[in-house]
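One structure is given below, encoded as structure tokens.
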Amino acid sequence: MAAKPKLYYFDGRGRMEPIRWLLAAAGVEFEEEFLETSKDLEKLRNDGSLMFQQVPMVEIDGMKLVQCRAILNYIAAKYNLYGKDTKERALIDMYIEGVADLNEMYLFWSISPPNEQAAKMTQMKDKIANCYLPAFEKVLKSHGQDYVVGNRLSRADIHLVELLYTVDELDPSLLANFPLLKALKTRISNLPTVKKFLQPGSPRKPPLDEKNLAKVKEIFQLK
């Protein structure tokens, strides 16, 4: 029996959460080893596990994979969540890069100084309401299908729905004018593997709080 994938990161969302979502949606059980201090990260660096000296890192199929896109690409391809041909893969890539852009905005907002957060939140909400959500709603409207690409489940659906949950946490009213996105969120959330991941006690992580933020700053030596 193949070993379960093992994820190395801190006990929080960050750049590992899309990986958790994708594995969970594929029905893959995984283990996690959490970094608690900067010494844990230094140990991984010193033993040669981290090619570029940074996490996330995932042990899977005899490999120690780093770099989020490489990890996600491998999981998506392995579990048939990456489209049926190169055209579908190109569309999936385009959509998930848009999701990734917004995720980066959220990530940097969450670790920014308190005196900068209000302005950054206003800017982020404007981008969400006037750029990203309209773009994804238009995609769904253009083909009238249940999924973002190829009328079957792909990583594009998973990453987008993860983003929609984050948007809902920031401000539920942001989704009010996007019925197709709300329907997609409900549809994907009701898939058995995703539904299980959304239950309390699953590997899904809560939003970053002050305690976890302090731990992140210690692990990664952020000011």
Side-chain angles (χ1 to χ4, degrees), residues 1-9 11-34 56 58-61 63 65 68-85 88-89 91-93 95-96 98-100 102-103 106 132-133 136-137 139-141 143-170 172 174-176 178-207:
M1 185 176 179
K4 295 178 181 177
K6 190 170 185 178
L7 284 50
Y8 294 80
Y9 203 58
D11 187 9
R13 290 182 181 177
R15 300 185 192 281
M16 185 65 88
E17 195 69 356
I19 297 168
R20 296 186 185 106
W21 268 82
L22 196 58
L23 285 168
V28 179
E29 293 185 359
F30 55 87
E31 299 174 349
E32 300 198 66
E33 183 166 316
F34 297 125
V58 175
E59 286 186 330
I60 184 170
D61 295 341
M63 299 181 289
L65 292 180
C68 295
R69 287 181 179 87
I71 296 166
L72 291 165
N73 289 350
Y74 182 76
I75 294 167
K78 179 179 173 71
Y79 296 104
N80 199 27
L81 293 168
Y82 213 168
K84 70 177 187 295
D85 54 32
E88 286 192 0
R89 184 168 291 196
L91 291 172
I92 289 169
D93 284 341
Y95 300 150
I96 63 176
V99 170
L102 192 50
N103 278 334
Y106 176 77
Y132 290 96
L133 296 187
F136 289 123
E137 183 84 0
V139 170
L140 292 170
K141 187 175 182 180
H143 55 54
Q145 297 173 338
D146 288 342
Y147 299 98
V148 177
V149 176
N151 203 27
R152 66 174 185 173
L153 183 68
S154 76
R155 61 181 298 197
D157 302 291
I158 304 304
H159 296 321
L160 178 54
V161 167
E162 179 196 355
L163 176 66
L164 296 179
Y165 272 94
T166 300
V167 169
D168 227 8
E169 291 168 354
L170 292 176
L174 290 169
L175 273 171
F178 303 98
L180 298 180
L181 287 174
K182 289 196 292 183
L184 178 73
K185 180 171 176 276
T186 299
R187 188 159 50 248
I188 301 303
S189 299
N190 283 325
L191 295 174
T193 54
V194 177
K195 192 172 186 177
K196 181 180 178 182
F197 184 66
L198 293 171
Q199 297 302 309
S202 83
R204 184 180 178 226
K205 307 305 177 191

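Starting from 1, each residue takes its place in the sequence as its number. The analysis underlying the following values was restricted to heavy atoms, covering all of them including side chains, and did not include hydrogens, waters or symmetry mates.
Formation of a donor-acceptor pair under 3.5 Å by the E137 side chain with backbone atoms of L181 is found in this model. Checking side-chain atoms of N190 against main-chain N and O of T186 turns up a donor-acceptor pair under 3.5 Å. The backbone N or O of K6 lies less than 3.5 Å from no partner atom in the side chain of E32, so there is not a single donor-acceptor pair. Formation of a donor-acceptor pair under 3.5 Å by the D146 side chain with backbone atoms of N151 is not found in this model. S189 contributes a side-chain N or O that, together with a main-chain N or O of K185, makes up a donor-acceptor pair within less than 3.5 Å. Although no hydrogens or angles enter the test, the distance criterion places a donor-acceptor pair under 3.5 Å between the side chain of T193 and the main chain of A25.
Between P56 and I19, the closest heavy-atom pair is CB-CD1, 4.2 Å.
Going from atom CG of L81 over to atom CG of D157 covers 9.0 Å, rounded to the nearest 0.5 Å.
Note that R89 lies in the cation-pi zone of Y82, set by a 6.0 Å cut-off to the ring centre and a 45° limit from the axis. In this structure, R13 fails the cation-pi test against Y106, since its NZ or CZ atom is not both closer than 6.0 Å to the six-membered ring centre and inside 45 degrees of the ring normal.
Using a 4.5 Å cut-off on side-chain heavy atoms (C-beta onward), S154 and Y147 make no contact. At least one side-chain heavy atom of L72 sits less than 4.5 Å from a side-chain heavy atom of H159. Side-chain atoms of I60 and F30, non-hydrogen and from C-beta on, never get closer than 4.5 Å to each other.
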Next item on the list: Evaluate the criterion side chain to side chain donor-acceptor pair (under 3.5 Å) for residue pair E59 and Y8; output intermediate values, then yes/no.
Entry: CA-CA 8 Å; E59 286 186 330; Y8 294 80; 3.1 Å; yes
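No side-chain donor-acceptor contact under 3.5 Å links N103 and R15.
Heavy atoms from other residues, nucleotides or ligands lying under 6.0 Å from CD of E29 number 12 at most.
Taking the six-membered ring where tryptophan is involved, the planes of W21 and F197 are perpendicular, since the angle between them exceeds 60° and thus also 30°.
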